[in-house]
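Worth saying up front: this structure is predicted, and the values here are computed from it rather than measured. We use all heavy atoms of the structure for the numbers below, so side chains are in, but hydrogens, waters and symmetry mates are not.
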Amino acid sequence: MTTDALEVRVAQWLLSDDTGTSSKTICAHMFLGAEQQADFGYPDDVSDLGRCLRLLDKVPEWEPRIVEMARYGGAWIGLCEAWHSLKSSMESEVGLQWEKGEKAPVTYHKLKLAIADGYRRDPNYKCTFNRDGYLSSASLTKPNAA
């Protein structure tokens, strides 16, 4: 087995300190097909987004499949549609490793709007939004939805 085998790269990433719920959700879906996972976390801030982007940098064959995450509804619908724009924004604003700066307000704004857009478009949720257009609250309208 070579050190660039998918299983090795995934194991190295899982054992690193650069993981979080949203990146583990991507990994569970892509690597295990774990649709029964109870917590389909999504990147809710730029740090979370960075962990997801760095996972996909380590496992680039998963990036074209990111659209599959939309099946988990809510935020993922909007995030999948905006994924390439979010990646580009983060790369130009702070870099994937935060090598260009410490704050990413433009990327944060785009991220929050993408999340809100996803929830707006998911008929399984009743939502409220704040004056900036960000999601304030979301509740399932159907108990077994999502």
task = Indicate the atoms forming the closest heavy-atom contact of G41 with T25, along with that distance.
result = N-OG1, 3.1 Å
inquiry  = Go through it in stages, so that I can follow the logic: the residues are V94 and E102, the test is side chain to side chain contact (heavy atoms under 4.5 Å, CB included), and I'd like the CA-CA distance, side-chain angles, deciding distance and then a yes or no.
reply    = CA-CA 7 Å; V94 292; E102 296 179 9; over 6 Å; no
ask   = Do the side chain of W83 and the main chain of G78 share a donor and acceptor less than 3.5 angstrom apart?
value = no
key: More than 12 heavy atoms of other groups within 6.0 Å of K58 NZ   = yes
Working for side chain to side chain contact (heavy atoms under 4.5 Å, CB included), residues C27 and W13 = CA-CA 10 Å; C27 184; W13 172 79; 3.7 Å; yes
inquiry  = Using a 6.0 Å cut-off, check whether atom NZ of K100 has over 12 heavy atoms from anything other than its own residue.
reply    = yes
request  = Indicate the ring-plane relationship of W62 and F31, choosing parallel, tilted or perpendicular according to the 30° and 60° boundaries.
outcome  = tilted
request  = Output yes when K110 and E93 qualify as a salt bridge under the 4.0 Å nitrogen-oxygen rule, no when they do not.
outcome  = no
key: Distance, nearest 0.5 Å, that separates CD1 of I77 from CD1 of I115   = 12.5 Å
message = Take a 6.0 Å sphere around CD of E81 and say whether it holds more than 12 heavy atoms from other residues, nucleotides or ligands.
response = no
request  = Report yes or no: does R54 contribute a side-chain atom to a donor-acceptor pair with the main-chain N or O of L96 at less than 3.5 Å?
outcome  = yes
key: From OH (Y108) to CE (M90), nearest 0.5 Å   = 14.0 Å
request  = Report yes or no: does S92 contribute a side-chain atom to a donor-acceptor pair with the main-chain N or O of S88 at less than 3.5 Å?
outcome  = yes
Check ion pair R51-D18 (N to O, under 4.0 angstrom) = no
query = Any idea which heavy atoms bring Y72 and H29 closest together, and the distance?
reply = OH-ND1, 2.6 Å
inquiry  = Quick check for you: to the nearest 0.5 Å, what is the distance between I26 atom CD1 and I66 atom CD1?
reply    = 4.0 Å
query = Do any N or O atoms from the side chain of S137 and from the backbone of C127 form a donor-acceptor pair under 3.5 angstrom?
reply = no
query = Going through the distances and angles, do L111 and D48 end up as a side chain to side chain contact (heavy atoms under 4.5 Å, CB included)?
reply = CA-CA 10 Å; L111 177 71; D48 287 341; over 6 Å; no
request  = With rounding to the nearest 0.5 Å, note down the distance linking CG in L55 to OG in S23.
outcome  = 6.0 Å
request  = Spell out, as yes or no, whether a donor-acceptor pair under 3.5 Å connects the side chain of S136 to the backbone of N130.
outcome  = yes
inquiry  = Quick test of your reading of the model: are E63 and K87 salt-bridged, counting only N-O distances below 4.0 Å?
reply    = yes
ask   = Among the clusters formed by ILVMFWY side chains lying less than 4.5 Å apart, do L113 and V106 turn up in the same one?
value = no
query = Would you call the rings of Y134 and H109 parallel, tilted or perpendicular, where under 30° means parallel and over 60° means perpendicular?
reply = tilted
query = Distance from L49 atom CG to Y42 atom OH, nearest 0.5 Å?
reply = 13.0 Å
remark   = Closest heavy-atom pair, P123 versus T141, reported as atoms and distance to 0.1 Å, is O-OG1, 3.4 Å
request  = Evaluate the side chain to side chain contact (heavy atoms under 4.5 Å, CB included) criterion for residues V46 and W98: first the C-alpha distance (whole Å), next the side-chain angles of each, then the deciding distance (0.1 Å), finally the verdict.
outcome  = CA-CA 10 Å; V46 182; W98 295 85; 3.5 Å; yes
query = Which atoms form the tightest heavy-atom contact between W76 and S22, and what is the distance?
reply = CZ2-O, 4.4 Å
key: Whether K112 side chain and D44 backbone form a donor-acceptor pair below 3.5 Å   = yes
request  = Indicate the atoms forming the closest heavy-atom contact of A70 with C80, along with that distance.
outcome  = N-SG, 3.3 Å
query = Measuring from D117:CG to D122:CG, what's the distance to the nearest 0.5 Å?
reply = 11.0 Å
